[in-house]
K.L.:
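Okay, handing you the structure first.
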Amino acid sequence: MSTTHIKSKRRFTEHKPLGHPMTLASDHKAVVEQTTLFPSRIRAPDFSDRLFKSGVHSRKIGSHVTKGVWAGMPIFTLTLEERATCPTACEHWSDCFGNKMHWSTRFKAGPELERILPGQVKTLARKHPQGFVVRLHVLGDFYSRAYVRLWETMLLANPALHVFGYTRRENYSPEGDLIHILNCDFSDRWRIRWSERGGEMGTVTLKDTTVRGRIAEGIVCPAQTEGDAVSCGSCGLCWNSSEPIVFITH
Ligand code: SF4
């Protein structure tokens, strides 16, 4: 696994201790009303917003891919509102790591977002004709079948678009069914893993902060355990491999 260091321009350090999630009470307003803990950080998108942020602002993501078939491509992230866009079955409904992300802008899901996204993806595709990567979603999830369909349309229209990320939707749900089809039909450009499912293209989350490398459940995400030496850009396991990835609760 490469340990190439990718420069980050992040304004705030992200070294949040592993194994100590912020857990909200079951009757907390954000839990009950299915919202972020930071409603002031929700933004209704308009055409002047830049929906995609460069991965350079995140230590864990990194600015570019440096290994594997997507090497050389810049990475961008999209952040939606946690809980509001997620299935209530999520194991991390109360201890979502968004509970610790005070500063992140969450773009409001819905028709306005869907009107703006295609143009911004096209702009990135023009700027990076050799390819670019979108990490979906730093927070939030695929919130409707129409939203997944939109990504299919954008994949078809933009051969430069490459996507990786995670979903807690079940693969037999209306959204998951389509996500699975895209994983098959665009397997070289669309790599969405199944959160908390384990197995092929799955992820699991453990509370044990001592795990490293390859363990029974899968490969432990090195960006969580190797400090600044590894980012998604220098690792690439999530899209270059189908083996389950293990995350440590944080
Ligand atoms: S395992 Fe996945 S999430 Fe972890 S650093 Fe590698 S690509 Fe990123």
Side-chain angles (χ1 to χ4, degrees), residues 1-8 10 13-19 21 52-79 82 90-92 96-98 100-101 104 131-141 161-168 179 183 187-250:
M1 201 165 295
S2 166
T3 55
T4 307
H5 180 69
I6 297 179
K7 280 190 182 160
S8 163
R10 68 194 187 278
T13 56
E14 296 172 39
H15 295 286
K16 298 183 172 76
L18 297 175
F52 297 103
K53 305 267 180 276
S54 168
V56 78
H57 299 294
S58 164
R59 182 202 70 77
K60 184 178 177 294
I61 303 291
S63 63
H64 285 76
V65 180
T66 59
K67 72 187 285 192
V69 287
W70 296 357
M73 297 183 195
I75 311 176
F76 299 89
T77 63
L78 178 65
T79 303
E82 68 273 33
C90 179
E91 289 77 0
H92 302 286
C96 173
F97 66 81
K100 290 177 164 182
M101 294 175 66
S104 299
F132 64 100
V133 179
V134 172
R135 156 74 161 92
L136 295 179
H137 302 94
V138 176
L139 296 173
D141 207 329
L161 172 62
H162 298 68
V163 179
F164 84 98
Y166 319 89
T167 182
R168 182 55 188 84
I179 291 165
N183 268 344
S187 59
D188 54 342
R189 293 199 288 131
W190 174 269
R191 307 304 293 157
I192 299 297
R193 287 176 169 268
W194 308 101
S195 296
E196 304 304 337
R197 202 183 70 179
E200 190 179 340
M201 284 298 284
T203 74
V204 290
T205 306
L206 302 181
K207 290 199 169 110
D208 183 352
T209 60
T210 65
V211 291
R212 298 288 183 275
R214 189 174 260 106
I215 60 174
E217 292 86 351
I219 304 176
V220 181
C221 168
Q224 284 193 301
T225 57
E226 314 268 327
D228 286 356
V230 183
S231 66
C232 292
S234 67
C235 165
L237 270 174
C238 280
W239 60 89
N240 286 315
S241 159
S242 298
E243 279 192 74
I245 300 294
V246 178
F247 293 113
I248 301 171
T249 310
H250 61 291

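As the structure lists them, so they are numbered: ligands from 1, and atoms in each ligand from 1.
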K.L.:
Going by the atom numbers of ligand 1, which of them fall below 4.0 Å from some non-hydrogen atom of Phe247?
P.N.:
3 (S)
K.L.:
Could you check whether the rings of Phe132 and Phe76 sit parallel, tilted or perpendicular, using 30° and 60° as the cut-offs?
P.N.:
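Ring orientation of Phe132 relative to Phe76: perpendicular.
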K.L.:
Sub-3.5 Å donor-acceptor pair from the side chain of Trp70 to the main-chain atoms of Asp188, do we have one?
P.N.:
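Checking the backbone N and O of Asp188 against the side chain of Trp70, a donor-acceptor pair under 3.5 Å is found.
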K.L.:
Anything under 30° is parallel, anything over 60° is perpendicular, the rest tilted; go ahead and classify Phe164 against Trp239.
P.N.:
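Phe164 vs Trp239 ring planes: tilted.
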K.L.:
Can you tell which of Phe164, Tyr166, Trp239 gets a heavy atom nearest to atom 3 (S) of ligand 1?
P.N.:
Tyr166
K.L.:
Is a donor on one side and an acceptor on the other found under 3.5 Å between the side chain of Asp228 and the backbone of Arg59?
P.N.:
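Judged by distance alone, no pair lies under 3.5 Å.
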K.L.:
Checking a contact table here: which protein heavy atom is nearest atom 8 (Fe) of ligand 1, and how many Å away?
P.N.:
Cys232 SG, 2.3 Å
K.L.:
Do His92 and Glu82 have side-chain atoms, one donor and one acceptor, less than 3.5 Å apart?
P.N.:
no
K.L.:
Please write down residue, atom name and distance for the protein heavy atom closest to atom 4 (Fe) of ligand 1.
P.N.:
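I find the closest protein heavy atom is Cys221 SG, 2.3 Å.
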K.L.:
Can you report which non-hydrogen protein atom sits closest to atom 5 (S) of ligand 1, along with the distance?
P.N.:
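Answer, as residue, atom name and distance: Ala223 CB, 3.5 Å.
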K.L.:
Under 3.5 Å, side chain of Ser231 to main-chain N/O of Lys60, donor-acceptor pair present?
P.N.:
no
K.L.:
Using a strict 4.0 Å cut-off to heavy atoms of Cys235, name the atoms of ligand 1 that fall inside it.
P.N.:
1 (S), 5 (S), 6 (Fe), 7 (S)
K.L.:
Lys60 heavy atoms, cut-off 4.0 Å: which ligand 1 atoms fall inside?
P.N.:
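Selected atoms, number and element: 3 (S).
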K.L.:
Centres of the Tyr166 and Phe247 rings: under 6.0 Å?
P.N.:
yes
K.L.:
Which atoms of ligand 1 sit under 4.0 Å from any heavy atom of Leu237?
P.N.:
1 (S), 6 (Fe), 7 (S)
K.L.:
Answer with yes or no whether Gln224 contacts ligand 1, where contact means a heavy atom under 4.0 Å from a ligand atom.
P.N.:
no
K.L.:
In the protein, which heavy atom is nearest to atom 2 (Fe) of ligand 1, and how far is it?
P.N.:
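Sorting protein heavy atoms by distance from atom 2 (Fe) of ligand 1 puts Cys238 SG, 2.3 Å first.
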